[in-house]
Amino acid sequence: MKKDDGNLLAIGISLGLIFGLLMDNLAIGLCIGVALGASGAFATRNKKKDKE
């Protein structure tokens, strides 16, 4: 089984920071990015477990 290397979390944080820069609120953008990245990583991990 391949170990998750956290790519989705990094992508989520990056998108959240971009959103935060555009809306002039980095703290909220970072929180949104972490939430989206973590939920995406959790969803893909569960999808992979269902296939096995």
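Taken from CG in Leu17 to CG in Leu22, the straight-line distance is 11.0 Å, to the nearest 0.5 Å. Here the CD1-CD1 distance, from Ile18 to Ile13, works out to 12.5 Å after rounding to the nearest 0.5 Å. Between the CG atom of Leu9 and the CG atom of Leu36 there is a distance of 10.5 Å, given to the nearest 0.5 Å.
Ile28 and Leu21 sit in two unconnected hydrophobic clusters of ILVMFWY residues. Membership requires side-chain heavy atoms under 4.5 Å apart, directly or through other members.
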